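Computed from a prediction, not measured in an experiment: that's the story for all the values here.
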Amino acid sequence: MQIPGQDEKRRDSSNFVAAEDAGARADEAVELVDRAVGVEWYRTHGSEIDHAAYSLCMLRRARAGERGAPQAGDAAVRGVLAGASPEAVLWLASRAISYMDESGFPEAVRPWFPEARPAEIG
């Protein structure tokens, strides 16, 4: 018997893969974030801090894909960060700001804040 709308309720198999991937990433992410405390990033690329940040990005993508909304990915990252030590979260935030600054984020968003005065360097 064909039930109207039944095909619409079928779960996309890619959602299952995303859910499995997100679950595995969430399980390892807290440990990776906590392990990265104190690891410098200027001389050594691919260190524990980069691995932790990479893992959080991949968790965000997987959870957003599973749920079909970027906000779900953001919530997954916040969940991991809530389980990490405060020192680890601060260290990771510092790494993220460093990367954003060096990747041109301030210049990209400067038009949104015309009244802001850029810091004078030198």
Side-chain angles (χ1 to χ4, degrees):
M1 168 188 239
Q2 180 69 20
I3 300 172
Q6 186 66 23
D7 289 337
E8 297 168 14
K9 294 180 183 178
R10 285 197 180 139
R11 187 173 184 168
D12 182 358
S13 63
S14 66
N15 288 343
F16 176 76
V17 173
E20 189 174 280
D21 188 40
R25 290 190 183 281
D27 290 343
E28 78 172 347
V30 172
E31 180 184 332
L32 289 171
V33 171
D34 281 338
R35 202 169 58 212
V37 174
V39 174
E40 76 93 35
W41 51 83
Y42 290 110
R43 288 183 293 236
T44 305
H45 301 288
S47 65
E48 287 90 351
I49 189 70
D50 293 329
H51 190 188
Y54 171 80
S55 179
L56 289 171
C57 288
M58 295 297 97
L59 168 63
R60 183 181 180 279
R61 288 181 183 185
R63 191 63 79 198
E66 172 199 11
R67 306 267 166 86
Q71 296 86 348
D74 297 340
V77 170
R78 285 191 298 273
V80 167
L81 295 177
S85 73
E87 183 181 14
V89 173
L90 289 174
W91 194 258
L92 182 67
S94 172
R95 173 63 176 116
I97 295 300
S98 174
Y99 181 78
M100 290 168 65
D101 182 31
E102 293 167 3
S103 296
F105 180 80
E107 291 74 23
V109 301
R110 185 173 288 142
W112 299 342
F113 309 103
E115 71 285 351
R117 187 174 63 105
E120 292 180 11
I121 300 175

Subject >> Non-hydrogen side-chain atoms of L81 and R78 separated by less than 4.5 Å >> reply: no
Original post:
Any chain of hydrophobic side-chain contacts (each under 4.5 Å) joining L92 to V80?
Top reply: yes
Original post:
If Ile, Leu, Val, Met, Phe, Trp and Tyr residues are connected whenever their side-chain heavy atoms lie under 4.5 Å apart, and connections chain through other members, are L32 and W91 in the same group?
Top reply: no
Side-chain donor-acceptor pairs under 3.5 Å in residues 100-109, sequence neighbours left out?
unit_1, atom_1, unit_2, atom_2, d
E102, OE2, S98, OG, 3.4
S103, OG, Y99, O, 2.9

**OP:** Please tell me if the side chains of S94 and W41 come closer than 4.5 Å, counting only heavy atoms from C-beta onward.
**Re:** yes
Original post:
Which pair of non-hydrogen atoms, one from A72 and one from R67, has the smallest distance, and what is that distance?
Top reply: CB-CB, 3.5 Å
Original post:
Given the rule that I, L, V, M, F, W and Y join up when any side-chain heavy atoms are under 4.5 Å apart, are V39 and V33 in one cluster?
Top reply: yes
N/O donor to acceptor pairs below 3.5 angstrom from side-chain atoms of residues 49-57, sequence neighbours left out:
unit_1, atom_1, unit_2, atom_2, d
D50, OD1, R95, NE, 3.1
D50, OD1, R95, NH2, 3.0
D50, OD2, G46, N, 3.1

Original post:
Counting heavy atoms not belonging to E87, are there more than 12 under 6.0 Å from its CD?
Top reply: no
Original post:
What pair of heavy atoms forms the shortest contact from P70 to R60, and how long is it?
Top reply: CB-NH2, 3.9 Å
Original post:
Judged by atom type as modelled, is there a donor-acceptor pair below 3.5 Å linking the side chain of E31 to the main-chain atoms of R35?
Top reply: no
